[in-house]
Amino acid sequence: MRHPNDNSFAERRKTAENAKRQLLAKFASAPKSTDPVIQERRAAREAVAAARETRRAARDALKAAENERILMEAAALTAAAEADQKAEAEARQAEINDRISRVVADEAARKAERDRRYAARKARQG
């Protein structure tokens with residue numbers, strides 16, 4: 001039994017040819033790049049792209065400024081910490097020097113007292 005939609009080879013070929021012709025007609029009737037509407041759309045896309053690029057550049061500049069600020073704060077904190085450590089080390093060294101000078105002064109005072117006693121004993125004996 002034959003189907004009513006059973007096309008012959010020639011009919012299928014003719015249908016394919018018509019489909020190709022319609023597709024070419026569709027592309028031929030498409031607006032050209034010189035069409036004002038197409039140029040307007042292209043200009044709008046370029047404007048959007050330029051605005052996007054401007055926003056991206058501004059965002060990058062803000063990020064760079066923020067990173068610079070963070071680096072400056074970190075450098076300031078590091079410098080302050082180093083200054084504190086240096087002051088603490090100097091204070092410790094000053095304390096050590098003071099202690100050493102007191103020990104030397106005490107030793108000198110003891111030696112002077114011992115020498116005085118020795119001289120007094122020699123004076124009594126002699």
**Request:** Would you sort out whether Arg102 and Arg99 count as a side-chain contact (heavy atoms from CB on, under 4.5 Å), showing the intermediate values?
**Result:** CA-CA 5 Å; Arg102 279 186 283 145; Arg99 189 175 292 154; 4.0 Å; yes
**Asked** side-chain hydrogen bond (donor to acceptor under 3.5 Å, both in side chains): which pairs involve residues 15-25, sequence neighbours left out?
**Response** Glu17-Arg21, Asn18-Arg21
**Asked** CD of Glu95 to CD1 of Ile100: how many Å apart, nearest 0.5 Å?
**Response** 11.0 Å
**Prompt:** Rounded to the nearest 0.5 Å, how far does CD of Glu53 lie from CG of Asp60?
**Reply:** 8.5 Å
**Message:** Distance check, rounded to the nearest 0.5 Å: Leu71 atom CG versus Glu66 atom CD?
**Reply:** 10.0 Å
**Asked** So do Arg117 and Arg114 actually touch side chain to side chain, heavy atoms under 4.5 Å?
**Response** yes
**Request:** Measure the shortest side-chain to side-chain distance between Arg124 and Arg121 over non-hydrogen atoms and say whether it is less than 4.5 angstrom.
**Result:** yes
**Message:** Does anything in residues 37-52 form a salt bridge (Lys or Arg N to Asp or Glu O under 4.0 Å)? List the pairs, not counting sequence neighbours.
**Reply:** none
**Prompt:** NZ/Lys63 to CZ/Arg56 distance, rounded to the nearest 0.5 angstrom?
**Reply:** 10.0 Å
Validation: residues 72-89 side-chain donor-acceptor distances under 3.5 Å, sequence neighbours left out:
residue: Glu73; atom: OE1; partner: Arg69; partner atom: NH1; Å: 3.3
residue: Glu73; atom: OE2; partner: Arg69; partner atom: NH1; Å: 2.4
residue: Thr78; atom: OG1; partner: Ala74; partner atom: O; Å: 2.7
residue: Glu88; atom: OE2; partner: Arg92; partner atom: NH1; Å: 2.9

**Prompt:** Are Ile96 and Val104 joined in one hydrophobic group, where the rule is that I, L, V, M, F, W and Y side chains link up if heavy atoms are under 4.5 Å apart?
**Reply:** yes
**Prompt:** Can you tell me if Asp35 and Gln39 form a side-chain donor-acceptor pair at under 3.5 Å?
**Reply:** no
**Message:** Any carboxylate oxygen within less than 4.0 angstrom of a Lys/Arg side-chain nitrogen, looking at Arg116 and Glu113?
**Reply:** yes
